Amino acid sequence: MEAKELTSLARFLESAERNRQEVPRITLQHPSLTVDEAYDIQAEIVKLKVENGSRVIGPKMGLTSAAKMKQMGVEEPIFGYVFDYMVVPNGGTIRFDELIHPKAEAEIAFVLDKDLEGPDVTIEQVLEATRYVLPALEIIDSRYENFKFTLPDVIADNTSASRVVFGDRLIKPSELELDLIGATMLFNGESKAFGASAAVLGHPARSIAMLAAMLSRKGGGLRAGEVILSGAITEAVMFAQGDYVVGKFDVLGDVSFLCK
Ligand code: OOG
Ligand code: MG
């Protein structure tokens, strides 16, 4: 695909997000779109947003648990980027009229003390480089009609990234068993999804190691101070105006928002 066409698809998806306009998935028009081209479109979207004054707070992994792969029908982990304008304070509000068909999912976020890069980063290296972990609710909002997509579609759409709420408790990985953290999402007090952190590739730190490898293939890496999402533990659950959503995490505490 020509660079001009990749740029025009990036503009198309970026404006779909800004105008909360759901659009047909791009592989309907471009059935031979490759994964590499999809990452090129994503990179163009990142560039556009940065040019417009937004700042990347860190990369995110997606489709790292069986629950998510099954729910979305895509069986390969993917990465995207989270921006400053997406962050909602813990206990804060999310405006439904800014979004299309949002869903919430429970995740563990990592903040590193030092950069990590290369194809062979290990779980031990990730844990050693981690300043702290914190709980998060990621709000995903695919720009595609009916939240349906193929692998290249969702990569091009910056992996449905939309909003994120982080918890307040920052904990060193040595102070907990990071692969044994239970997480439950409550919607208006009712449990709608639950799981344990081992659902993320056996250990959330493995997702971070895999992300380092995926970024290194594109000449990049993980940077100290970035806030990095390791991927949903549970399936994602749709919410609506008026819903109060709480993610309860063992040891790491609660994360919540109200959808107004
Ligand atoms: C893609 C984003 C997946 C996760 O944590 O698995 C993701 C989607 O499901 O729309 O962020
Ligand atoms: Mg996610």
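Every value quoted in this text rests on a predicted model; they were computed, and no experiment measured them. Order of listing sets the numbers, starting from 1, for every ligand and every atom in it.
Scanning both residues, Arg25 and Tyr144, for their nearest heavy atoms gives CA-CD2, 3.2 Å.
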Name the atoms and distances for all side-chain donor-acceptor pairs under 3.5 Å in residues 224-240, with sequence neighbours left out.
from, atom 1, to, atom 2, distance (Å)
Glu226, OE1, Arg223, N, 3.0
Ser230, OG, Ile108, O, 2.7

Kindly list each side-chain donor-acceptor pair under 3.5 angstrom involving residues 44-57, sequence neighbours excluded, with atom names and distances?
from, atom 1, to, atom 2, distance (Å)
Lys49, NZ, Glu17, OE1, 2.6
Lys49, NZ, Glu17, OE2, 3.4
Lys49, NZ, Tyr85, OH, 2.6
Asn52, ND2, Leu48, O, 3.2

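Neither Tyr244 nor Ile139 shares a network with the other; the hydrophobic side chains, linked directly or stepwise wherever heavy atoms of I, L, V, M, F, W or Y lie under 4.5 Å apart, form separate groups for each. No single ILVMFWY cluster, assembled from side-chain heavy atoms under 4.5 Å apart, contains both Val246 and Phe257. Phe194 and Met185 end up in different hydrophobic clusters when Ile, Leu, Val, Met, Phe, Trp and Tyr side chains are linked at under 4.5 Å.
Around the Mg ion (ligand 2), the protein N, O or S atoms closer than 2.8 Å are Glu105 OE2, Glu107 OE2, Glu138 OE1, listed by chain and residue number.
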Query raised in the report: Given Lys218 and Asp36, is the salt bridge (charged side-chain N to carboxylate O under 4.0 Å, His left out) satisfied, shown in steps?
Result: CA-CA 10 Å; Lys218 308 217 170 273; Asp36 281 335; 3.5 Å; yes
N/O contact list for ligand 1, threshold under 3.5 Å:
from, atom 1, to, atom 2, distance (Å)
ligand 1, 5 (O), Glu105, OE2, 2.8
ligand 1, 5 (O), Glu107, OE2, 2.9
ligand 1, 5 (O), Ala232, N, 2.8
ligand 1, 6 (O), Leu63, N, 2.7
ligand 1, 9 (O), Lys68, NZ, 2.8
ligand 1, 10 (O), Ser160, OG, 2.7
ligand 1, 11 (O), Lys60, NZ, 2.8
ligand 1, 11 (O), Glu105, OE2, 2.9
ligand 1, 11 (O), Glu138, OE1, 3.0

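Ionic pairing of Arg163 and Glu98 is present here: one or more N-O contacts between side-chain nitrogen and carboxylate oxygen are shorter than 4.0 angstrom.
Counting non-hydrogen atoms of neighbouring residues, nucleotides and ligands closer than 6.0 angstrom, the CZ atom of Arg18 exceeds 12 such neighbours.
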